[in-house]
Structures are given as structure tokens and as C-alpha cells.
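Chain identifiers are assigned alphabetically (A, B, ...) following the order of the sequence lines, protein sequences preceding nucleic acid strands; residue numbering begins at 1 within each chain. The figures that follow rest on heavy atoms only: side chains count, while hydrogens, waters and symmetry mates do not.
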Protein chains: 2
Amino acid sequence: MKSRRLLLWSAVLAICAGTASANEELRKLSQDPNQWVMPSGNYAATRYSELNQITKDNVNNLRPVWSFSTGVLRGHEGGPLVVGDVMYVHTPFPNNVFALDLNNNGRVLWKYEPRQDPSVIPAMCCDTVNRGVAYGDGKIFLHQADNALVALDARTGKEIWKAVVDDAKKGATGTGAPLVVKDKVLVGVSGGEFGVQSHLDAYDIKDGKLAWRAYSMGPDDQILFDANTTSMGKPVGKDSSLKTWQGDQWKIGGGGTWGWISYDPQLNLIYYGSGNPSTWNPTQRPGDNKWSMTIFARNPDTGVAKWVYQMTPHDQWDYDGINEMILADIPVKGQQTKALVHFDRNGFAYTLNRETGELLVAEKFDPKVNWATHVDMSTGRPQVVAEYSPQANGEDHNTQQICPAALGSKDQQPAAYSPQTHIFYVPTNHVCMDYEPFKVTYSAGQPYVGATVNMYPPKGDNDLGNFIAWDAGSGKIVWSDPEPFSVWSGALATAGGVVFYGTLEGYLKAVDMQTGKELYRYKTPSGIIGNVNTYVHNGKQYIAVLSGVGGWAGIGLAAGLTKDTYGLGAVGAYKALANYTELGGVLTVFALP
Amino acid sequence: MKSRRLLLWSAVLAICAGTASANEELRKLSQDPNQWVMPSGNYAATRYSELNQITKDNVNNLRPVWSFSTGVLRGHEGGPLVVGDVMYVHTPFPNNVFALDLNNNGRVLWKYEPRQDPSVIPAMCCDTVNRGVAYGDGKIFLHQADNALVALDARTGKEIWKAVVDDAKKGATGTGAPLVVKDKVLVGVSGGEFGVQSHLDAYDIKDGKLAWRAYSMGPDDQILFDANTTSMGKPVGKDSSLKTWQGDQWKIGGGGTWGWISYDPQLNLIYYGSGNPSTWNPTQRPGDNKWSMTIFARNPDTGVAKWVYQMTPHDQWDYDGINEMILADIPVKGQQTKALVHFDRNGFAYTLNRETGELLVAEKFDPKVNWATHVDMSTGRPQVVAEYSPQANGEDHNTQQICPAALGSKDQQPAAYSPQTHIFYVPTNHVCMDYEPFKVTYSAGQPYVGATVNMYPPKGDNDLGNFIAWDAGSGKIVWSDPEPFSVWSGALATAGGVVFYGTLEGYLKAVDMQTGKELYRYKTPSGIIGNVNTYVHNGKQYIAVLSGVGGWAGIGLAAGLTKDTYGLGAVGAYKALANYTELGGVLTVFALP
């Protein structure tokens with residue numbers, strides 16, 4: 001077995017040996033359905049696998065075949081990578097990484113244990129999560145909570161280099177999964193609740209030197225905009241961000257970049273979103289607050305933005321725009337389109353031309369969304385309903401029954417897309433809120449939230465979530481499976497006609513891609529907020545997922561909070577979770593008999 | 001479903017309503033193979049189930065059907081109870097208890113969270129373990145680390161009464177599982193490493209009042225010996241304990257009572273063992289140190305001892321005598337016998353007449369045991385080998401290659417017995433040690449160990465354990481399955497011809513009762529030091545086990561210790577465990593398709 005593993009390793013290393021071709025080789029690996037070499041499965045972030053051994057006819061025979069406790073409690077977001085015969089598993093803070101031997105039921109080949117100052121924990125707004133590691137050039141890249149970006153030797157776990165992405169003392173933390181593109185490692189930062197001027201960074205894959213840094217807001221040379229940068233098909237012009245902030249407020253403007261990153265090698269563009277402007281209290285920061293709440297398309301070599309689109313100008317609800325950008329070539333209103341599809345926290349699903357940034361579709365993917373009537377397709381601006389506008393109602397006024405809640409109609413839990421069906425499979429939240437903004441003063445490293453929030457299901461509903469199928473060409477729900485709790489787990493679509501996702505109670509579920517009919521469920525040890533993946537080992541298809549309840553929806557359980565408005569308002573809505581599950585990080589691997 | 005559960009509850013409560021008949025009704029429940037109502041499955045502690053749906057022919061189809069994380073790390077000893085449609089699961093410190101609904105994949109019916117001062121943790125010598133709860137009279141009994149014995153309403157989890165068994169400030173802690181016998185709750189105490197004068201207590205099942213207390217050493221009125229108390233068939237006489245201690249040393253004499261308790265309703269006798277005399281340094285405490293290292297047979301109504309048998313007089317190796325006493329009617333040397341069978345830490349398996357205390361068989365169950373050549377069957381005394389005697393070699397001398405190590409050829413992990421085969425199935429350790437005693441001064445609440453220990457496999461061996469089948473009538477190994485690590489999990493024997501046990505790497509294994517051939521294995525999330533049980537729900541047989549590595553063997557992982565001699569010497573031998581597993585408490589429930 002050892003020699004077989006060495007051989008496989010040699011093969012992997014051989015194709016990764018040349019730096020210049022790192023991207024090409026990683027791209028090839030990502031196209032091998034037997035492996036799962038990047039957080040979203042592939043650069044297009046489709047979370048689709050061509051594997052088809054597990055089908056809708058046999059998935060009811062699925063069963064766990066081995067499992068592995070990570071030794072860490074609290075919320076386990078993200079999912080494992082599979083490169084050759086090795087699985088890489090990460091944990092929330094303290095951000096341990098394990099290399100597990102697939103030839104031996106997950107025997108530990110190595111373990112990396114960062115030494116981090118636990119004082120970073122209070123700066124992690126929504127649990128101590130981490131969304132996973134990236135692979136490239138024979139290295140595993142980990143973005144630690146304390147902002148260290150470390151490159152580990154994939155064979156030994158030894159640290160090769162370390163970069164520092166930002167300063168935890170200012171409230172910046174690492175939670176996102178890096179992405180390797182060509183000779184660079186891309187990584188963002190969390191800190192929208194602490195007034196961090198957030199940025200996406202590119203580091204040299206060989207030595208960890210900063211290649212470029214693109215801020216979400218600020219002067220053009222900081223946000224890496226040039227004369228060709230467009231929005232809605234038109235050049236944004238000079239100082240497009242500065243003009244939308246009062247005074248120097250952009251310096252503490254938030255716009256976190258903690259979500260998923262995708263990449264189109266043909267267009268040579270990377271895509272990601274920015275989060276809420278700081279503070280949450282909208283009355284304190286007049287203007288559109290660009291480019292918070294924005295989709296960015298940037299050149300990965302230079303960082304320069306080709307196009308941008310701000311979904312929620314002057315945010316009043318914490319509708320971060322960081323959710324994944326899925327790249328799919330689909331018919332949109334009858335025309336085959338190089339599309340980018342994005343399910344935003346604000347409850348609208350956006351379909352754009354990913355080459356030009358042109359907005360093609362913007363429709364609600366939860367019918368209860370009420371903060372805006374629609375998106376004006378000529379300006380791209382949502383038409384805000386005054387009744388649900390904390391800005392309109394003013395400071396210290398409790399605006400009620402806003403849908404969705406701050407954690408959105410969907411949060412970080414990534415959707416999947418099947419090129420078989422041209423349909424998107426979307427884990428969603430079904431939660432509304434009361435929102436009361438209050439004045440807050442900025443102090444570096446202190447929470448800069450300025451709003452009290454309370455969440456609950458939409459009036460007349462009991463369920464807090466749905467798992468839906470979405471037609472992004474027409475902007476319509478195809479089918480919808482209600483779930484008692486928000487679906488905080490990333491989905492997986494497969495060529496076997498089966499879609500997988502996890503639930504907050506802890507079920508791994510398999511549903512029929514065509515109808516949403518449940519075909520299989522298994523109660524894993526804890527609530528699932530991790531992402532389902534699949535791979536082949538020794539000719540057999542496996543399904544793998546991390547359970548470990550937590551994240552924003554599970555913050556009450558994860559951090560032991562009890563008051564309804566704690567956890568940025570999320571504790572109350574999810575109190576009943578304690579009737580189903582407890583903390584605990586466990587990888588469960590499934591297969592057919 | 002709810003009404004069905006209520007009905008079942010009514011049935012259970014109805015038969016438990018009369019206090020006087022508590023024992024009779026619990027005994028009946030314990031004879032129902034569909035339930036698992038006491039820690040060892042039944043009063044005889046056979047860990048045998050008459051269930052036979054899972055057989056050696058179909059066990060390879062076994063698979064996990066649901067799981068439940070306890071939310072607690074460190075070592076999970078003991079196992080769940082099943083009473084009606086409810087499973088009761090306990091955790092190590094902080095000793096949470098869950099009632100899980102078997103009709104709903106383990107939905108949480110209630111959770112009990114004791115508030116304990118964590119300062120008790122350093123007084124827990126061998127991880128923060130707890131060996132489980134007991135059921136009786138509609139109550140769940142939990143012995144907390146801090147010595148509280150609480151009675152919880154089995155339906156609601158509400159505390160009904162609380163007793164205090166001992167004082168944590170003196171180093172006494174609660175780790176053992178209570179046993180309900182008639183109208184009393186029996187419970188012991190840990191503290192042999194802290195000079196606690198240990199005792200077994202009986203509390204009134206209705207109100208928690210102390211009915212009797214029997215110390216392991218001291219004056220006759222403290223150890224509850226009378227003129228009829230015998231050893232090796234003869235009255236022990238007056239002051240049988242006091243005479244074997246220098247001065248007042250018995251007051252800090254140890255003799256922990258943290259092991260399993262069994263009961264023979266016909267003979268009206270309970271059986272349990274006492275642990276090491278304090279301090280570990282034998283040169284400091286001359287004499288036989290009675291009644292440490294002793295099997296006790298007592299009347300459960302009065303506590304008075306009928307007979308005793310000291311296995312290891314003047315212990316020099318920490319060979320606690322607390323392992324389970326299995327009550328089996330078996331042929332011993334051709335004669336059908338009411339036997340008590342006990343696999344001691346000292347490496348000898350003892351078969352006694354459980355009515356009289358007569359010693360019938362005493363043979364090594366690991367051929368590498370070398371500290372004694374044999375047990376003299378007329379005196380019952382082991383014939384100690386001077387070369388392996390720390391007493392003979394003196395203080396500050398490092399006596400090497402003693403087999404077994406302090407944690408014994410077997411520790412608390414209980415064996416199983418099948419009345420089908422008349423064979424015992426025994427999880428064992430295969431570990432030796434170096435032992436260097438040094439002078440230590442007693443100070444209440446401080447460790448009172450006085451020895452440095454280092455453990456490793458026997459010379460020339462790599463494996464640290466075996467799972468063996470044992471003929472207690474002849475004192476011979478029937479078959480032996482080597483295991484890379486000590487088998488620290490309790491076994492289960494079933495009428496299906498299958499024996500189950502867990503391994504420190506985390507495997508649940510099923511082997512053929514006749515041959516020991518492995519028939520099934522599944523890698524649970526963490527190393528297993530819990531005990532396997534079985535039950536029927538809705539007509540289907542299930543197997544349940546807690547994983548969660550730790551305990552003495554896993555103390556290095558559990559407490560993050562690195563130096564070989566830490567953890568009372570156990571850290572070094574088990575270092576490689578980190579290559580297989582991590583902490584994490586998870587219940588996994590298995591069934592056939």
C-alpha cells in the first residue's frame with residue numbers, strides 16, 4: 001500500500017512541479033471527478049460531480065463506511081479535499097489540519113496544529129468557523145483565524161511559508177477557504193462587524209509574498225479599478241467608491257471578503273463578493289457605500305477589476321454579498337449564456353453575463369422576501385420598501401417583520417449546479433427579523449455593529465428553511481423541499497441524478513435531482529453546516545461530509561448563548577436545535593455496499 | 001408515536017411503582033433482552049444478550065443507522081441504557097446525561113447538565129471518565145465527578161434527590177456506575193491515588209438517605225465485618241484489616257471502589273472489588289494492607305461482608321482489584337458451580353465459589369505475566385518473583401520489565417460471558433512497565449502516588465492488547481486475537497454467536513464466538529473505551545456503543561500529555577494512538593438493513 005501511495009504522490013507532484021504550470025495542472029486535477037481538489041470541487045464552483053455509481057435507484061443502500069472525529073467542537077463549515085489517496089480535513093479554531101490515508105480508513109498521516117492566541121475568538125462574529133483548505137503546487141494552504149496564511153507540505157504537513165493577511169487586533173479574522181489560481185493563492189478576510197477595510201489578497205504560491213491586494217472600498221489604487229472597470233456595462237469612472245462614503249468612513253468600511261472565490265480560466269477572471277458596510281446602523285453612513293455588497297470580476301494576475309455589480313447599495317440589513325458565484329453556461333431567456341449565478345443574502349438570485357457583468361435576471365428565490373419589491377433591470381438597483389427600511393424608520397426604531405433576516409435567504413452554504421439539468425440546487429434560509437439600529441462609535445478591535453436584531457420564521461410559517469431547485473435562466477423555483485431548520489450545508493449535485501445536502505439536525509440527505517423527493521437520510525453525530533463532497537477511491541464512489549453544528553445559525557449551541565438577540569440576532573430562531581443535536585466535529589464517509 | 005411512548009412509559013412506571021418491589025421489577029426488566037436497563041446488562045454482569053437477529057452469517061451487513069455527538073471531548077467509558085423507547089447516554093465530566101427518543105433517531109427528550117466545580121478534574125487520576133448511569137424506580141442515578149449522587153426523574157430529567165458520597169477536596173471523585181438493588185442505590189468512590197479511605201455506599205432509592213457505608217479498610221465496624229465474615233473458607237477474625245497496617249495508615253489507605261458491582265438475587269449477595277492501597281510506594285506501608293485489592297461479597301440490605309478474598313496482598317504494582325465480578329453457573333473442574341469469575345489487573349483470572357468465597361481456579365490470562373509465578377491455592381497468596389518486586393528492590397530503585405504494567409492485564413473494560421459456550425470473552429492489555437517507588441508525604445487532596453512508572457509492550461512484542469476467549473473452569477485461553485492497542489472497551493456476547501468489542505483506534509468489531517474470526521469492523525469517529533450493548537426497538541435488534549478516546553490508556557491524547565511517564569506512566573506506550581484517532585464523544589447505533 002505504501003508504494004502505491006508513493007507512486008500516486010509522485011504522479012501528483014510531477015504534474016505540479018513547474019510553478020508556471022501550477023494552474024494548468026491544478027485545473028486538470030479539478031477535472032478529474034475521482035478527486036476533490038478545491039473547496040468548491042472545481043473553479044466554476046458548481047459542486048457538481050460526474051461520478052454516477054450512486055444513483056437515485058441505489059442511493060437508499062448508502063451507508064457510513066468510516067468516520068473520524070476532529071477533536072474540535074463548535075461549527076464545522078467547509079469540507080474535506082481529496083488529492084490522490086489522501087483526504088485533507090480542517091477544523092474550526094484552532095484550525096487543525098489532518099491528512100488522512102484513504103487506504104486505511106482515515107489513518108492520520110500528519111496533523112498540523114497552529115498555535116494561535118485564543119484572544120482572536122471574540123472577533124469571530126459568527127462562530128469560530130473555517131471554510132477549508134486549498135491545494136496546489138504540492139502544498140496545502142490554510143487561512144487561520146489569526147490571519148496567518150500558511151503553506152504546508154502536502155506530504156508531511158511541515159510549514160513551507162507563512163504570510164499575514166491582516167491584523168486580528170483590528171477585528172480582522174480568517175475564516176474563508178483560499179483558492180489557488182495559477183501561481184497565486186487568493187484569500188480574503190472577515191471583519192465587517194469590526195469596521196475592517198476588507199480586501200482580497202493574492203500571494204505567490206512559492207514564497208508567500210503578497211502579489212496584489214484589492215480593497216473592497218477606498219481610492220482606485222486601493223480597490224484596483226482602472227478606466228476599463230465597468231458596472232452594468234458602463235465604466236464606473238474615477239473614485240467610484242470614495243464618492244459613495246461620507247468623509248473617511250471608507251477606511252472602516254467593512255465589505256468583508258470571507259466568501260467563496262471562483263475562476264474562469266478562459267476569461268481569466270476571478271469572481272467573489274464583498275460583505276456589509278460597517279456599521280450595521282445605516283443612518284451613520286450615508287451613501288451607496290461602494291463597493292460593499294458587490295460582485296467583483298478581477299484579473300487574477302493583476303487584481304484589476306474588469307466589472308463590478310453592487311447588489312444592495314447602502315445596506316440596511318447586513319445582506320453580505322459574499323455567497324458563491326457559480327459559473328455555468330446556460331440558456332438565459334432563450335439565449336445560451338456564459339452566466340454567473342449568485343444566490344444573495346438579500347433574497348434575490350442574480351444571473352449575470354460573467355464576461356461583461358451585464359445583469360440578466362434578478363428574482364426572489366424565497367417568495368417571503370419583502371425588503372424590496374424587485375430589482376430595476378436598467379439600473380440594477382433594488383426597489384426598497386420603506387416599511388422594511390431601518391434607514392427610513394430611523395435610529396432607535398424597531399423595524400419589524402423584515403424578510404429575510406440578516407443571515408439572508410442564503411448564507412455561505414454553497415449551492416450546486418448540474419449541467420445535466422441546467423438547474424441549481426440551493427440550500428436556503430427562511431427567516432425574518434426585527435432590526436433596530438443604534439448609534440455606535442468606532443474603536444479598533446471592538447464590535448462595530450450598531451443594531452439589535454431578533455430572528456424568527458416568516459409569519460404563519462414554522463419551517464426555517466427550504467432546499468430548492470432553481471432555474472437561473474428564468475428566475476423561477478422548480479421545486480422546493482421544506483426543512484424545519486435553515487439548510488446551512490453546502491450541496492452536491494451528481495451525474496447519478498442525486499443531490500446531497502446536510503441539515504442542522506444532522507441528517508445527510510439525498511434527494512432526486514428531478515423532483516426533490518427524499519431518497520436517503522442518515523443522522524450524523526451533529527448538525528451539518530459542512531459541504532458534501534464526493535470522490536472515487538479504488539474504483540468506488542464515496543460521499544464525505546463534516547458534521548459539527550454551529551455557524552451563525554447554530555451560534556446559540558456553539559457558543560452557549562441563550563438570549564434571543566445574542567449571536568447577532570440568531571439565537572432565538574434556532575433554540576429548538578438543542579432538541580436534536582449537540583456539538584462535535586465528525587467526518588462521515590459513505591458508500592454503497 | 002407520542003401516545004405509544006406514553007403507553008410504554010406507563011407500563012414501565014406501573015411495574016416500578018412499589019418501592020418494596022423495586023428490585024423484583026428491575027430484575028424482570030433486566031431479563032427482557034429487548035432492553036438494557038443496567039450498566040452490565042444484568043445483575044450477573046455477563047454482558048450477554050439473548051438477542052439473535054444479528055448472527056455470524058449476517059453481521060457483515062451491519063451498518064450504522066444513526067449517531068449522536070455528546071458535545072463532550074475526552075474519554076467516554078461505560079455505555080448507554082435502554083429503558084422502553086428511551087436511551088440514556090452519559091458523558092465524562094461535566095457528566096451530562098441525555099434521554100434520547102428511539103422513535104426519532106435519538107431526538108433529545110431531555111438533557112441534564114450538572115454544575116460542577118472544574119477543580120475536581122486534577123483529582124481524576126485517569127481521565128475525566130464516568131462509567132454510566134443506573135435506572136430504577138422511574139429514576140436515573142448519576143454519580144458525578146464531584147461526588148454528588150443525583151436521582152433524576154427518568155421522564156423529565158428533573159432532579160429528585162441528591163446525596164454526597166465523599167469529598168473532592170480530599171481527592172475523592174465519582175467515576176463508577178451505580179447499581180440499584182432492591183430499595184438501594186449502590187455506589188463507590190475513586191481516590192486510591194489520593195489516600196482516600198474508600199467505601200461502598202448504599203442510599204435509599206426514595207430519598208437518597210445513606211443506608212450503610214462499608215469502608216475497604218479500617219475497624220470492623222467501618223468495614224462491616226462480623227464474626228461470620230470469612231476468607232478462603234475461614235473466619236477472618238477480629239480487626240482483620242487493622243492488623244495489616246502500620247499505625248493509622250489505614251485512614252489514608254486507598255482501596256478505591258470505582259469498579260462494577262454485580263448481584264446474585266438468590267444468594268442475596270453483592271460483589272465488587274477494592275483498589276490499590278495508598279501510596280503506590282510499597283516500602284512506606286508495611287503489611288498486607290487489607291482489604292485493599294480484595295473481592296467483597298456483601299449483604300445488600302446491611303452491607304455486612306459474607307466473605308472476602310484479597311488477590312494482591314501488599315500491592316507493589318497498582319494492581320487494583322476493581323474489575324467486574326461475573327456471576328456464572330459453570331462447570332469447574334468437572335463440577336457444576338455457582339461461580340464468580342474475575343479477570344484481575346494482576347494478570348490472574350480467578351474463579352471462586354460465589355456462595356462461599358472458596359478459590360477454585362487462579363491462572364494467568366496473559367502468558368507474559370511475570371510478577372508472580374502462581375497463586376498458592378491453599379493460602380490464596382500469589383508467589384511473588386523478587387526480581388519484579390519494587391518492595392524487594394527498595395525505594396528509588398527502578399525495577400524493570402514487570403508484566404503486567406500498572407494498568408493491568410485488564411482494567412475496567414468489562415468482559416462478557418456466554419451461557420451458550422460457557423466461555424468468557426475478555427478485552428485485555430498486553431503491557432509491561434518499569435516501576436520506581438519514591439518517598440511521598442500525605443497531604444489531603446494532593447496526589448499520593450510515590451512511584452514513577454513507564455509502560456511499553458512486552459519484550460519482543462509490538463501489540464499492546466489481545467481480545468481473548470477464556471475457559472474459567474480450566475483456567476485456559478481458548479482463542480486469542482491480537483490487537484495493536486489494548487482493548488479498553490467492554491465486550492458484548494450475543495445469542496447470535498457473535499461477540500462485539502471496540503478498539504482504541506475506533507473500530508467496532510464483531511467476531512465469531514467460537515473461533516474469534518473477525519466478521520465485521522467499522523471505524524467509529526474516535527477510539528472506543530465504551531462498552532457495547534444491544535437492544536430491540538420496534539422488533540429490530542440494534543447494537544450501540546460510545547466512542548471517545550481517553551481513559552487511562554488514552555490519557556495522553558485526552559489530556560494532551562506528552563512525556564512518557566505522565567498519566568501514571570501510560571503516555572509512552574500509547575503514543576501511536578494519535579496516528580489513528582482524535583478526541584470526540586459519539587454514540588453510534590448499528591443495525592442490519
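Between A:G71 and B:L73, the shortest heavy-atom distance links the atoms O-CD1, 3.4 Å.
Note that the CG atom of A:D101 and the OH atom of B:Y580 stand 10.0 Å from one another [nearest 0.5 Å]. Of the inter-residue distances, the one linking B:R63 atom CZ with A:F590 atom CZ reads 12.0 Å to the nearest 0.5 angstrom.
Inter-residue side-chain proximity for A:S526 and B:F68 is flagged as unmet; no heavy-atom pair is nearer than 4.5 Å.
For the residue pair B:N105 and A:Y507, a side-chain donor N or O sits within less than 3.5 Å of a side-chain acceptor on the partner.
Ion pairing between a basic and an acidic side chain is recognised when a charged N comes within 4.0 Å of a carboxylate O; B:E582 and A:K111 show such pairing.
Neither the backbone nor the side chain of B:V589 has a heavy atom closer than 4.5 Å to any heavy atom of chain A. For chain B, no part of A:V549 is nearby; none of its heavy atoms comes within less than 4.5 Å.
No more than 12 heavy atoms of other residues, nucleotides or ligands lie within 6.0 Å of NZ in A:K158, so this atom counts as exposed by the packing criterion.
Not a single donor-acceptor pair under 3.5 Å links the side chain of A:T524 to the backbone N or O of B:S67.
With chain B as the partner, the residue from A:G584, A:G548, A:P64, A:G527 showing the most heavy-atom pairs under 4.5 Å is A:P64. For the set A:V65, A:V108, A:V72, the entry with the most heavy-atom pairs within less than 4.5 Å of chain B is A:V108.
Checked options A:L587, A:T588, A:V586; the residue passing with B:P525 is A:V586 (criterion: side-chain contact (heavy atoms from CB on, under 4.5 Å)).
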